[in-house]
Amino acid sequence: MPRHAGRLRICSTPGCPEYTAQGRCPDCRAAADQARGGARARGYGRAHEGFRAAVLARDPECVLCHNAPSVHADHWPIDRRELVRRGDDPNDPQHGRGLCQPCHSTETAREQPGGWNR
């Protein structure tokens, strides 16, 4: 057992016995990042940059808290994966809303499959 095991926890990846300060151990985090792929591999290319710019221009203030500038173009009320599955254009700004960082993190945790708050 590591010397500082009292401060460490078991990796959150099922079956991994490694200790880590929080969440996944470095090896499991690296494997998850590799499997996830880059932004372009997940569909966030030039078309998404246009989506983001249009949504943030339309919603310069966070549409949830109204207390901070929008910095994220969030797919809403239908997420990007569902729009693609339906054959809809996920880069149409009508499918987005502008959110500040705290509101985007909260919404992602609450709504996204596998969100860290579930």
Side-chain angles (χ1 to χ4, degrees):
M1 182 175 271
R3 192 173 121 193
H4 301 288
R7 295 182 210 153
L8 299 177
R9 307 174 187 181
I10 297 290
C11 175
S12 63
T13 302
C16 180
E18 296 298 317
Y19 284 92
T20 185
Q22 62 182 13
R24 295 178 177 152
C25 69
D27 289 344
C28 290
R29 189 176 307 117
D33 286 345
Q34 181 77 25
R36 183 173 184 230
R40 292 205 188 277
R42 294 189 318 271
Y44 294 102
R46 287 191 185 188
H48 178 73
E49 292 168 12
F51 166 81
R52 182 179 187 278
V55 170
L56 296 182
R58 185 193 65 216
D59 302 333
E61 180 180 272
C62 178
V63 300
L64 294 181
C65 72
H66 306 286
N67 291 324
S70 293
V71 294
H72 290 281
D74 183 50
H75 285 90
W76 183 85
I78 302 168
D79 68 36
R80 180 179 180 77
R81 290 179 193 132
E82 181 63 18
L83 289 167
V84 170
R85 190 184 72 71
R86 290 179 176 191
D88 293 336
D89 180 7
N91 297 311
D92 184 336
Q94 76 173 352
H95 299 300
R97 61 183 176 174
L99 299 180
C100 66
Q101 176 61 45
C103 288
H104 184 260
S105 293
T106 299
E107 288 295 297
T108 299
R110 183 181 308 137
E111 302 297 332
Q112 187 172 359
W116 49 265
N117 198 27
R118 287 188 166 193

Participant: Going by side chain to side chain contact (heavy atoms under 4.5 Å, CB included), name the residues that satisfy it together with Pro93, two or more places apart in sequence or in a different chain.
Facilitator: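 Scan of Pro93 (side chain to side chain contact (heavy atoms under 4.5 Å, CB included), adjacent residues dropped) gives Ala54, Val55, Arg58.
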
Participant: At their closest point, which heavy atom of Ser70 faces which heavy atom of Asp59, and how far apart are they?
Facilitator: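 Between these two residues, the closest heavy atoms are OG-O, 2.8 Å.
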
Participant: Quick one: hydrophobic cluster around Leu56, which other residues, with the 4.5 Å side-chain cut-off, linked directly or via members?
Facilitator: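 Members alongside Leu56: none; it stands by itself.
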
Participant: With sequence neighbours left out, what residues match Leu64 under side chain to side chain contact (heavy atoms under 4.5 Å, CB included)?
Facilitator: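 Counting only residues at least two positions away or on another chain, Leu64 forms a side chain to side chain contact (heavy atoms under 4.5 Å, CB included) with Cys62, Arg97, Leu99, Cys103, Glu107.
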
Participant: Only pairs under 3.5 Å count here: list side-chain donor-acceptor contacts from residues 20-28, not counting sequence neighbours, and write none if there are none.
Facilitator:
| residue | atom | partner | partner atom | Å |
| --- | --- | --- | --- | --- |
| Thr20 | OG1 | Gln22 | O | 3.4 |
| Thr20 | OG1 | Arg24 | O | 3.3 |

Participant: Report yes if the side chains of Asp92 and Phe51 come closer than 4.5 Å at any heavy-atom pair, otherwise no.
Facilitator: no

Participant: Could you pull out all residues at least two apart from Arg85 that satisfy side-chain hydrogen bond (donor to acceptor under 3.5 Å, both in side chains)?
Facilitator: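 If we apply the side-chain hydrogen bond (donor to acceptor under 3.5 Å, both in side chains) test to Arg85, skipping adjacent residues, the hits are Glu82.
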
Participant: Determine whether Arg80 and Asp74 make a side-chain contact, defined as any pair of heavy atoms from C-beta on separated by less than 4.5 Å.
Facilitator: no

Participant: Could you list all the ring pair (Phe, Tyr, Trp, His ring centres under 6.0 Å) pairs where at least one residue sits in residues 84-104, not counting sequence neighbours?
Facilitator: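 Found His72-His104.
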
Participant: At their closest point, which heavy atom of Pro17 faces which heavy atom of Gly15, and how far apart are they?
Facilitator: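 Taking every non-hydrogen atom into account, CD-O, 3.4 Å.
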
Participant: Given the rule that I, L, V, M, F, W and Y join up when any side-chain heavy atoms are under 4.5 Å apart, are Trp76 and Ile78 in one cluster?
Facilitator: no

Participant: Hey, does the side chain of Arg52 reach the backbone of Val71 with a donor-acceptor pair shorter than 3.5 angstrom?
Facilitator: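 At least one qualifying donor-acceptor pair exists.
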
Participant: Using side-chain heavy atoms (C-beta onward) and a distance below 4.5 Å, is Cys65 in contact with Cys100?
Facilitator: yes

